[in-house]
Amino acid sequence: MGPSPEDTDRGPRSQLTDIGRSLRSHVTDIGRSLGSHLGRIGRELPGQLERIGRGLLVFLTHIGRGLRSAGVGAHRSVRSYLAGIDRDLRPYLIGFALALILTAIPFALVATNPLPKLTTLIIIGVAAAIQVLVHLRYFLHLDLTSTPRENLVAIVFTAILIFLMVGGSFWIMFDLHNRMAI
């Protein structure tokens, strides 16, 4: 079906004017919608920031109690400082420090690129594996000596599933790559 007689009577200029009006109308609707969303976010944001602030205050208070109970002075060593921190907080701080270090090493290697690509990838993989162990030990409090047999079986099952999923994904990707190269 061709253009209607009304469209052929009107010139391109009037058609562009109609398109401009339609576009202006859509932009106005989008602006109103965006304004209402931004208004809702503006109303909810102070409450969310207040909740985050309260949580941060509780966290800092807990750290402050640990520092106060440690009696840290300029002459104390890190070991004596860590010995004075609450027993509940100590493994989390150690795990956090190790996680930061194990994250910073691969990040620095990728950012500066001082080593060959294969060596960098091996170091990243080793750091990732060590970081998984750090998370299991310091954040989930799982170790092989005191962990019940069921937890160990669950960890091994999870590791096997992850290995199968990652290995299967690589197998599929390399197979597709080889098929596309032919």
Side-chain angles (χ1 to χ4, degrees), residues 30 33-34 37-38 40-42 44-67 70 72 77-182:
I30 291 171
S33 175
L34 184 62
H37 287 302
L38 289 176
R40 183 178 50 83
I41 290 171
E44 293 175 1
L45 188 63
Q48 291 174 352
L49 289 176
E50 183 179 348
R51 276 183 260 138
I52 291 171
R54 274 192 242 129
L56 187 60
L57 182 64
V58 168
F59 177 70
L60 291 175
T61 303
H62 188 68
I63 289 176
R65 287 183 187 148
L67 291 173
V72 176
S77 67
V78 173
R79 177 171 279 181
S80 65
Y81 167 71
L82 288 176
I85 293 179
D86 294 338
R87 287 182 172 244
D88 294 339
L89 187 60
R90 185 175 179 198
Y92 293 111
L93 289 176
I94 293 171
F96 181 67
L98 289 173
L100 279 178
I101 291 168
L102 290 169
T103 301
I105 290 170
F107 183 76
L109 285 175
V110 170
T112 59
N113 201 15
L115 300 172
K117 188 175 184 179
L118 182 63
T119 307
T120 303
L121 288 175
I122 290 171
I123 292 172
I124 290 172
V126 169
I130 293 172
Q131 193 166 66
V132 167
L133 296 175
V134 166
H135 283 265
L136 288 174
R137 170 67 177 97
Y138 290 103
F139 297 119
L140 297 176
H141 306 290
L142 298 176
D143 56 353
L144 297 177
T145 58
S146 65
T147 303
R149 186 177 184 92
E150 295 84 22
N151 287 346
L152 182 61
V153 170
I155 291 171
V156 169
F157 180 71
T158 303
I160 290 171
L161 281 179
I162 290 172
F163 178 75
L164 287 174
M165 288 189 323
V166 171
S169 297
F170 278 119
W171 182 6
I172 290 169
M173 287 188 287
F174 285 124
D175 184 56
L176 286 175
H177 175 72
N178 290 334
R179 288 175 188 241
M180 295 298 288
I182 293 177

State, yes or no, whether a side-chain contact exists between Pro106 and Ile123 at a heavy-atom distance under 4.5 Å.
no
Using side-chain hydrogen bond (donor to acceptor under 3.5 Å, both in side chains) as the criterion, list what pairs up with Thr103, not counting sequence neighbours.
Gln131
With rounding to the nearest 0.5 angstrom, report the CG to CD1 distance, Leu115 to Ile122.
10.5 Å
What is the ring orientation for His135 with Phe139, classed by angle as parallel under 30°, tilted 30 to 60°, or perpendicular over 60°?
tilted
Considering residues at least two apart in sequence or located in another chain, which fulfil the ring pair (Phe, Tyr, Trp, His ring centres under 6.0 Å) criterion with Phe107?
none
Reported CD1-to-CG distance for the pair Ile172 and Asp175, which is rounded to 0.5 angstrom:
8.5 Å
Which heavy atom of Val134 sits nearest a heavy atom of Gly95, and at what distance?
CG1-O, 3.9 Å
Between the OG1 atom in Thr120 and the CD1 atom in Ile105, the distance rounded to the nearest 0.5 Å is 12.5 Å
Under 3.5 Å, side-chain donor or acceptor atoms of residues 156-164 against the rest of the protein: list the pairs with distances, not counting sequence neighbours.
from: Thr158; atom 1: OG1; to: Ala154; atom 2: O; distance (Å): 2.8

Separation of Ile94 CD1 from Leu89 CG (nearest 0.5 Å)
10.0 Å
To the nearest 0.5 angstrom, please state how far the CD1 atom of Ile101 sits from the CD1 atom of Ile130.
11.5 Å
